Each structure stands twice: as structure tokens, then as C-alpha cells.
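Reviewing the structure listed below.
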Amino acid sequence: MEYKDNDSKLIYLIKEGKEDRKSLYDKYSPFIKSVVSKMVKYCKNTGLEENDLYQEGMLGLTNAIKNYDENMDNKFYTYAKICIEKKIISAIVASKRMKHRAMNESIFIEDTDNSIFKIDGPEEMIIDIENETEMLNKIRNGLTDFEDQVLLLKIGGLKNKEIADVLDRDDKSVDNALQRIRGKVRKIINK
């Protein structure tokens, strides 16, 4: 059997039970740490720390090892990079969602004027979350991997320049991706 690269051979051996995953974990650990160091600054008020993002990156690598198909056109590194980045980005975005807002932005009641609190009922909150999730899933299904990453980071509150920095792309490619996303969203909404 011919392998595209050394990683492909390791993946084959791991899946056959002849090799331990540790060698790939050790090899990709510096890459995961570099991605985490770039993204940790976007985790303010999320409850996530550097170690949490690192663990998400390792889970992304585990998924890449488990799901990599030698017959795909890309090398394992390319596939693993996407899986790792997506897993970390998804963790950041999930931590910033509305359902985590109370925990992430909590303040002591003693420090506030209680008359300013207005809380919707739990039913309305659940319906809002379900509707938001359903619409987001519809949108994400029609996006490329890059567009999906851009969308998740944008939803997470990052500016275009920050998104470009995180994804190691130029500002123009991020702007173009956002334009394509807007077009796809319009099509979904108009259906």
C-alpha cells in the first residue's frame, strides 16, 4: 500500500491496532498549542481557559484520526488542521451563546438594583434557543469549511481582522467569505 505521507502510514497502523495514537498526539501538540495561543484572547468572559481549548484541540485531533480516509484528496495534516481549528472555534462560539450568557456575564445581586431585572419565562428562552439553533444549522449545512469557520468566529463576536488573524488568511478572503455567507443566508431566508 502506498501512503501519501508518514501521517497516513501512522493512521493506517493505528486503525489496525499496531501503533499507539501517542506518536500523533505528540507530533500535533505544538500545532494545537499554537492555535490555542492565537484563540485564547477571544475567550474573555466565556469561562474557557487555555487548557480547555487545548483539550478541545486534542478532541479535534482524535476525531481526525478516527475519521480520516486515505482515499480523500488531501493529506492528513490538512484534514487534522481543519478538525482541530473547527473544534476549538466551536467551543469558543458555544461558550458565547445565549444559553451560557447568564453564567459568563453574571454579577452579584447585592451589587445591583433588583428592579432592573426582567427575565423571560423558561419556555420563551427554550423556544428562542431552538429556533436559533435550527436556523444556524440550516445555514451551516450550505457552507464550505472556510465559510463555516468564518461564520462561527463572526457569531462569536470577532472582527474581520481578528478572524483573518485566527485563520491565517488575509482580510480580503474573510470579507469575500462573509459576502458569500450573506448571499447564502438570503437564499435560505427567502425560501
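These numbers come from a predicted model, not from an experiment. All residue numbers refer to positions in the sequence shown, counting from 1.
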Close side-chain approach of Asn51 and Gln55, heavy atoms under 4.5 Å:
no
Residues passing the side chain to side chain donor-acceptor pair (under 3.5 Å) test with Asp170, sequence neighbours excluded, are Ser173
Kindly work out whether a path of hydrophobic side-chain contacts (I/L/V/M/F/W/Y, heavy atoms less than 4.5 Å apart) joins Val36 to Leu167.
yes
Atom NZ of Lys159: over 12 foreign heavy atoms under 6.0 Å:
no
So which heavy atom on Ile84 is nearest to which on Gly57, and how close?
CG1-O, 3.6 Å
Ignoring hydrogens, what is the shortest heavy-atom contact between Cys83 and Gly60? Give both atom names and the distance.
CB-O, 3.5 Å
Inter-residue atom distance Tyr28.OH - Lys81.NZ, 0.5 Å rounding
11.5 Å
Can you list everything that forms a side-chain contact (heavy atoms from CB on, under 4.5 Å) with Glu147? Sequence neighbours excluded, please.
Leu143, Thr144, Ala177, Arg180, Ile181, Lys184
For Ser29, all residues meeting side chain to side chain donor-acceptor pair (under 3.5 Å), sequence neighbours excluded:
Tyr54
Could you pull out the closest heavy-atom pair between Asn160 and Val174, with the gap in Å?
O-CG1, 3.9 Å
Please list, chain by chain and in numerical order, all residues satisfying side-chain contact (heavy atoms from CB on, under 4.5 Å) with Asp165, sequence neighbours excluded.
Lys161
Linking I/L/V/M/F/W/Y whenever their side-chain heavy atoms sit closer than 4.5 Å, directly or via other members, would Leu178 and Val166 fall into one cluster?
yes
Looking at CG of Leu152 and CD of Gln149, how far apart are the two atoms once the value is rounded to the nearest 0.5 Å?
8.0 Å
Under the side chain to side chain donor-acceptor pair (under 3.5 Å) test, residues paired with Asp168 that sit two or more places apart
Lys38
OH/Tyr79 to CD1/Ile11 distance, rounded to the nearest 0.5 angstrom?
10.0 Å
Search all heavy atoms of Ile88 against all heavy atoms of Leu53 and return the closest pair with its distance.
CG1-O, 3.6 Å
For residues 45-60, which residue pairs pass the salt bridge (Lys or Arg N to Asp or Glu O under 4.0 Å) check, not counting sequence neighbours?
Glu56-Lys87
Heavy-atom pair with the smallest gap, counting every atom of Ala80 and Leu61
CB-CD1, 4.2 Å
Would you confirm whether Asn67, through its side chain, and Asn63, through its main-chain N or O, come within 3.5 Å as a donor-acceptor pair?
yes
Under the rule for side-chain contact (heavy atoms from CB on, under 4.5 Å), what residues qualify as partners of Ser34, not counting sequence neighbours?
Phe31
Hydrophobic cluster membership, Val40 vs Ile92, 4.5 Å side-chain cutoff
yes
For residues Phe76 and Tyr12, establish whether the separation of their ring centroids is below 6.0 Å.
no
Drop me the distance from Ser90's OG to Leu59's CG, to the nearest 0.5 angstrom.
11.5 Å
Give, for atom CD1 of Ile139 and atom NZ of Lys187, the distance between the pair rounded to the nearest 0.5 Å.
14.0 Å
Residue set satisfying salt bridge (Lys or Arg N to Asp or Glu O under 4.0 Å) with Lys27, at least two apart, ordered chain then number -> Asp7
Return the OG1 to CZ distance between Thr62 and Arg21, rounded to the nearest 0.5 Å.
6.0 Å
For residues Ile65 and Ile82: do they belong to one hydrophobic cluster (side chain heavy atoms under 4.5 Å, members Ile, Leu, Val, Met, Phe, Trp, Tyr)?
no
Check side-chain contact (heavy atoms from CB on, under 4.5 Å) between Asp26 and all other residues, then give those that pass, not counting sequence neighbours.
Lys22
With Asp145 via side chain to side chain donor-acceptor pair (under 3.5 Å) - residues at least two apart:
Lys86
Using side-chain heavy atoms (C-beta onward) and a distance below 4.5 Å, is Asp148 in contact with Ile89?
no
